[in-house]
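Protein chains get the first letters and strands the later ones, always in sequence-line order, with residue 1 at the start of each.
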Amino acid sequence: MYNPQKIERKWQKFWQAKKIYKSRGKGKKFYVLDMFPYPSGEGLHVGHPRGYIATDVVARFKMRRGFDVLHPMGWDAFGLPAENYALANKIHPKIAVNRNIKRFKEQMNKIGFTYDWDKEINTTDPEYYKWTQWIFLKMFERGLVYGSREPIIWCPSCKTGLALEDLEDGKCERCGSEVEKKPLRQWVLKMTAYAEKLLNDLKSLDWPQPIIDQQRNWIGKSEGATIKFVVRPDVKSGSRPKRRDSSKSVVGEAEVFTTRLDTIFGCTYLVVAPEHSLIENLKSNIKNYDAVQKYVNQAEKKTDLARTDLVKDKTGIELKGIKAVNPFNNEEVPIFVADYVLGSYGTGAVMAVPAHDERDWEFAKKYKLPIRMVICPNYPEPKCPALDKAYIDDGHVVDSQKFTGLTSQKARQEMVKWLEKNKLGGKKINYKMRDWVFARQRYWGEPFPLVFCENCKNEINQLKANSYKLKAKFTKGELLNPGWIQIPEKNLPVKLPEVKRYEPSGTGESPLANIKDWIITKCPKCNGHAHRETNTMPQWAGSNWYYIAYLMKKGRKYEWDKKEIKKWMPVDLYVGGVEHATRHLLYARFWYKFLYDIKAVFNKEPFQKLMNQGLILAEDGRKMSKRWKNVINPDDIVKNFGADTLRLYEMFMGPFVQSIAWSTDGLRGMKRFLDRVYKLKSKIKNQKSKLQLKNKKLEIFINQTIKKVTEDIESFKFNTAVSALMVLANELEKEPDINKGHYLTLVSLLSPFAPHFSEELWRELGGKNSIHLEKWPDYNSKLIHFDKFDLVVQINGKVRDKISVGKGISQKEAEEVVLNSDKIKQAIGLSKIKKIIFVPDRLINIVI
RNA sequence: GCCCGGGUGGUGGAAUGGUAUACACGAAGGACUUAAAAUCCUUUGGUCGCAAGGCUAUGUGGGUUCGACUCCCACCCCGGGCACCA
């Protein structure tokens with residue numbers, strides 16, 4: 001029996017001492033990366049290492065195939081989880097984080113990963129976040145950062161603003177609280193400027209299709225047109241003299257966005273969002289302003305999500321006293337305000353075509369508005385069918401003046417041309433994705449490298465006319481955000497000050513706002529009085545670029561090393577959970593694209609190939625959680641069964657992408673397998689040549705196994721790779737004695753999965769070097785196939801017999817053999833043979 | 001509603017047009033043992049049969065094919081994502 005406790009520690013120490021994982025600077029580069037964890041107080045459970053084991057298997061495999069492998073690990077230690085943990089346990093986040101990191105590292109080391117700890121990074125290290133701040137400054141400098149007072153999503157429990165991406169089911173993703181809308185001063189990153197690139201370059205990525213789909217969906221591109229509707233006082237209501245077409249009677253304008261310009265002649269009313277400026281501007285024209293205002297106030301309290309969240313019954317109220325004019329036919333249509341129209345998307349106003357839009361249909365039915373059909377499914381039939389619900393597909397345009405008869409697609413093109421010619425609107429592309437709210441009112445994050453200077457603000461405001469002088473003195477970002485001045489690069493990092501009380505204030509100000517002597521500072525531009533920004537960056541800031549940080553690590557410091565970046569980027573294989581599809585993976589791509597534009601990196605995408613690992617559920621089928629008391633700690637598994645057993649089991653338990661429940665019985669089976677392989681050693685008889693000749697079949701089998709394991713690791717089919725090794729072990733067990741070479745091949749193929757076990761056996765059997773530095777076994781393609789095979793004989797597609805014949809047998813020969821077999825003769829009986837299908841080296845099917 | 005992914009023994013799963021159920025777990029029986037654990041051997045989709053062997057089975061119903069878990073159509077169920085985005 002082999003004893004993991006005796007050998008694992010020994011080899012881990014040896015590998016670390018010999019630094020066998022270090023990049024050797026030889027061979028083709030292979031950068032394999034895990035999504036780095038945030039070091040929570042709970043430590044790792046057995047679900048976490050699944051991805052780490054997979055990358056470790058791949059890293060060891062690639063090393064042995066001659067690649068120069070980089071496989072680093074670090075800590076995403078800023079942000080709400082770490083801070084909330086620290087608050088709950090009354091410990092300063094820094095102390096808690098360091099303690100947790102120590103624990104995580106110990107747990108990881110017990111599993112025998114290949115991490116090069118010299119490259120370990122920590123997002124909360126000032127040397128690290130110096131560069132997070134640096135990237136932010138570069139974005140600011142180029143005008144990609146703007147301040148906003150827009151109401152943002154606010155979590156009353158975490159006491160901070162959140163990005164749209166931080167919500168789950170409309171609730172705070174961290175604590176599950178209902179969120180509110182709150183006007184707060186915010187920093188926002190212009191991510192929408194990269195929408196098109198983020199969408200387009202998805203094509204170049206070797207990522208799981210569902211993740212690509214999710215990102216595409218999230219970016220939500222739609223192509224359409226804007227149309228300007230002028231607004232006039234309503235004639236019938238008597239608010240103006242009955243003189244039509246007087247341009248003086250125009251009191252406002254509403255621009256709408258539509259993807260269905262072809263339906264414009266079916267527009268019977270307009271709907272604006274409660275935030276729309278028209279309402280405030282035309283206060284005096286709107287007859288029922290009080291009622292409208294009441295509706296608007298009530299709607300504005302809700303977040304976009306609450307407003308768009310499965311509300312079946314749409315509400316709205318007409319703006320009485322004004323009408324909008326459809327520029328295509330000069331028809332006056334009523335204007336409504338309704339909360340289902342969002343101020344933050346498109347133009348905040350829509351044209352309603354109830355005949356061809358489900359929402360408009362529903363709304364028109366409720367408020368008894370006219371429904372006019374202008375798209376016909378069965379053109380050129382003289383009559384369109386009557387509608388009992390909205391017809392939303394394309395068709396032919398009817399009752400649309402000169403556009404009548406065109407297909408929907410053609411009509412959209414012609415109508416856009418008409419709009420552009422008459423300067424009444426034009427082509428427009430919209431994205432669902434919003435700019436990124438990039439500020440948190442919390443302590444435990446990267447401080448912004450910005451100060452506010454009243455002096456400089458005045459200067460910018462006064463000199464506005466003289467743009468030359470301003471452009472020389474201030475950056476694009478500083479002009480965009482008057483008064484906000486960048487801290488010079490040489491003064492980075494702006495360190496997070498030590499505080500005693502770091503609880504969030506709840507007032508919308510960060511706890512940093514209480515540290516007066518930190519806040520008050522001098523303006524780097526004019527040397528006048530200034531104060532620091534007290535918000536901090538969100539958790540995602542540090543993880544946007546950490547894969548570059550590993551390449552920059554020089555001892556304790558970091559250096560933007562373009563040579564290393566050029567060498568290692570992009571990441572060749574990135575492994576992590578599917579939950580990051582629209583957050584980390586989108587943010588990181590955004591930052592990387594920005595870095596590409598400023599020539600700090602040299603390719604367009606950070607992660608070439610992505611793989612998602614499935615969750616490991618608890619034995620009871622639920623998620624592992626403290627709450628259910630069903631968490632399994634890898635330390636216990638390592639102690640009782642060994643790291644190799646844990647590794648092997650996690651790779652064998654099922655397809656890598658699939659979520660799967662833990663089974664301690666299954667785990668035991670893996671230990672049994674290792675024990676059996678260990679015992680096989682005693683069967684070795686070292687009479688190489690004799691045995692090899694005697695057992696050609698085994699030789700072929702081994703070659704097949706090498707091929708299978710090699711291909712399966714390459715394609716992430718670890719479960720079948722392990723099973724192939726088991727089959728080989730089973731075969732060897734059947735032999736009375738085995739040859740050392742064969743046995744060592746098995747050990748060698750097992751080594752990425754069970755590195756300690758394999759190292760031990762390798763050395764016992766005379767291996768001079770570490771097995772992990774040995775060349776990966778090659779297979780002889782001539783020895784993959786045996787010269788005989790079992791020809792499957794089918795009658796009408798049903799297997800009736802198997803006959804052992806020589807490889808490469810011709811159809812004629814095969815037929816002869818088969819038709820002479822008694823079994824087959826009997827099966828055919830008196831029936832006539834209609835047809836014979838022959839698949840070379842596989843089967844023969846007789847159709848009767 | 002829309003977009004993905006999936007449905008195969010008692011369980012995790014294997015097979016992507018050519019031998020369905022590899023491999024593992026569990027279970028049953030046996031060997032060893034004073035006994036138990038561990039280990040080893042045998043059996044293990046269902047069904048009929050003493051057996052040889054047959055029939056039947058990959059969510060359901062159709063289709064294509066000499067041949068379908070695999071391809072096509074419709075439906076049911078489970079998981080995930082997006083969701084009044086004009």
Paired nucleotide for [N] [Watson-Crick or G-U wobble; both distances under 3.5 Å]:
{"N": "B/rC82", "value": "B/rG1"}
{"N": "B/rC50", "value": "none"}
{"N": "B/rG61", "value": "B/rC73"}
{"N": "B/rG67", "value": "none"}
{"N": "B/rG26", "value": "B/rU44"}

Atom [atom1], compared across [N] and [M]: separation rounded to whole Å:
{"N": "B/rA68", "M": "B/rA83", "atom1": "C1'", "value": "37 Å"}
{"N": "B/rA31", "M": "B/rA38", "atom1": "C1'", "value": "14 Å"}
{"N": "B/rU16", "M": "B/rA86", "atom1": "P", "value": "41 Å"}
{"N": "B/rG46", "M": "B/rA28", "atom1": "P", "value": "15 Å"}
{"N": "B/rU34", "M": "B/rA24", "atom1": "C1'", "value": "34 Å"}
{"N": "B/rG9", "M": "B/rU44", "atom1": "C1'", "value": "10 Å"}
{"N": "B/rC77", "M": "B/rG59", "atom1": "C1'", "value": "7 Å"}
{"N": "B/rC72", "M": "B/rG17", "atom1": "C1'", "value": "13 Å"}

[X] has an atom [atom1]; how far is it from atom [atom2] of [N], in whole Å?
{"X": "A/Q209", "N": "B/rG81", "atom1": "CD", "atom2": "C1'", "result": "14 Å"}
{"X": "A/I392", "N": "B/rG1", "atom1": "CD1", "atom2": "C1'", "result": "9 Å"}
{"X": "A/E815", "N": "B/rC66", "atom1": "CD", "atom2": "P", "result": "17 Å"}
{"X": "A/F673", "N": "B/rC40", "atom1": "CZ", "atom2": "P", "result": "13 Å"}
{"X": "A/R668", "N": "B/rA37", "atom1": "CZ", "atom2": "P", "result": "13 Å"}
{"X": "A/D712", "N": "B/rG13", "atom1": "CG", "atom2": "P", "result": "17 Å"}
{"X": "A/K221", "N": "B/rC85", "atom1": "NZ", "atom2": "P", "result": "19 Å"}

Among [options], which nucleotide sits nearest the side chain of [X]?
{"X": "A/L843", "options": "B/rC85, B/rG18, B/rG26", "value": "B/rG18"}
{"X": "A/Q794", "options": "B/rC4, B/rU19, B/rU56", "value": "B/rU19"}
{"X": "A/S222", "options": "B/rU56, B/rA86, B/rC66", "value": "B/rA86"}
{"X": "A/V792", "options": "B/rU19, B/rC85, B/rG67", "value": "B/rU19"}

Donor-acceptor pair between [X] and [Y] side chains, under 3.5 angstrom:
{"X": "A/D712", "Y": "A/T720", "answer": "yes"}
{"X": "A/S344", "Y": "A/R434", "answer": "yes"}
{"X": "A/E196", "Y": "A/Y431", "answer": "yes"}
{"X": "A/T259", "Y": "A/E223", "answer": "no"}
{"X": "A/Y295", "Y": "A/T315", "answer": "yes"}
{"X": "A/E815", "Y": "A/Q811", "answer": "yes"}

Scan [X] against the nucleic acid and name what it touches under 4.0 Å (heavy atoms): base, sugar-phosphate only, or nothing.
{"X": "A/G669", "result": "sugar-phosphate"}
{"X": "A/D213", "result": "sugar-phosphate"}
{"X": "A/K834", "result": "nothing"}
{"X": "A/K717", "result": "sugar-phosphate"}

Quiz item: Any chance the rings of A/F265 and A/F328 have centres within less than 6.0 Å?
Solution: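 Close enough - the centres of the two rings lie under 6.0 Å apart.
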Practice problem: Mind running a 4.0 Å heavy-atom check of residues 720-735 of chain A against RNA chain B and sending the residues that fall below it, in number order? | Solution: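 Here the set is A/T720, A/S723, A/M726, A/V727, A/N730.
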Practice problem: Pull out every residue in residues 651-663 of chain A that has a heavy atom closer than 4.0 Å to any atom of RNA chain B, ordered by number, or say none. | Solution: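 When residues 651-663 of chain A is checked for heavy atoms under 4.0 Å from RNA chain B, the hits, listed by number, are A/F652, A/M653, A/P655, A/Q658, A/I660.
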Exercise. Can you label the angle between the A/H580 ring and the A/H584 ring as parallel, tilted or perpendicular, going by 30° and 60°?
Key: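 Answer is perpendicular, since the angle exceeds 60°.
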Quiz item: What is the glycosidic conformation of B/rG9: syn, defined as within 90° of 0, or anti?
Solution: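 B/rG9: syn.
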Quiz item: Would you say the side chain of A/N217 and the base of B/rC82 hold a donor-acceptor pair, judged only by whether the two atoms sit under 3.5 Å apart?
Solution: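 No pair found.
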Quiz item: Just checking, A/K314 and A/F363: is the charged tip under 6.0 Å from the six-membered ring centre and within 45° of the axis?
Solution: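 Ring-cation test returns no.
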Quiz item: A/F641 ring centre to A/K639 NZ or CZ under 6.0 Å, with the angle to the axis within 45°?
Solution: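 No - A/K639 does not lie over the ring of A/F641 by the 6.0 Å and 45° rule.
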Side-chain N or O of [X] versus OP1/OP2 of [N]: is the shortest distance under 4.0 Å?
{"X": "A/R672", "N": "B/rU39", "result": "yes"}
{"X": "A/N719", "N": "B/rA14", "result": "yes"}
{"X": "A/Y345", "N": "B/rA86", "result": "yes"}
{"X": "A/K802", "N": "B/rU19", "result": "no"}

Quiz item: When you look at CD of A/Q209, are more than 12 heavy atoms from neighbouring residues, nucleotides or ligands closer to it than 6.0 Å?
Solution: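 Counting other residues, nucleotides and ligands, CD of A/Q209 exceeds 12 neighbours.
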Practice problem: Please figure out whether A/I846 or A/D790 has its closest RNA chain B nucleotide nearer the 5' end. | Solution: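 Comparing both residues, the 5'-ward one is A/D790.
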Practice problem: Let me know, please, whether A/R842 or A/K835 comes out on the 5' side of the other along RNA chain B by nearest nucleotide. | Solution: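 Counting from the 5' end, the first nearest nucleotide belongs to A/R842.
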Self-check item: Pairing of A/E731 and A/K734 as salt bridge, 4.0 angstrom limit
Solution: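 So A/E731 pairs with A/K734 through a salt bridge.
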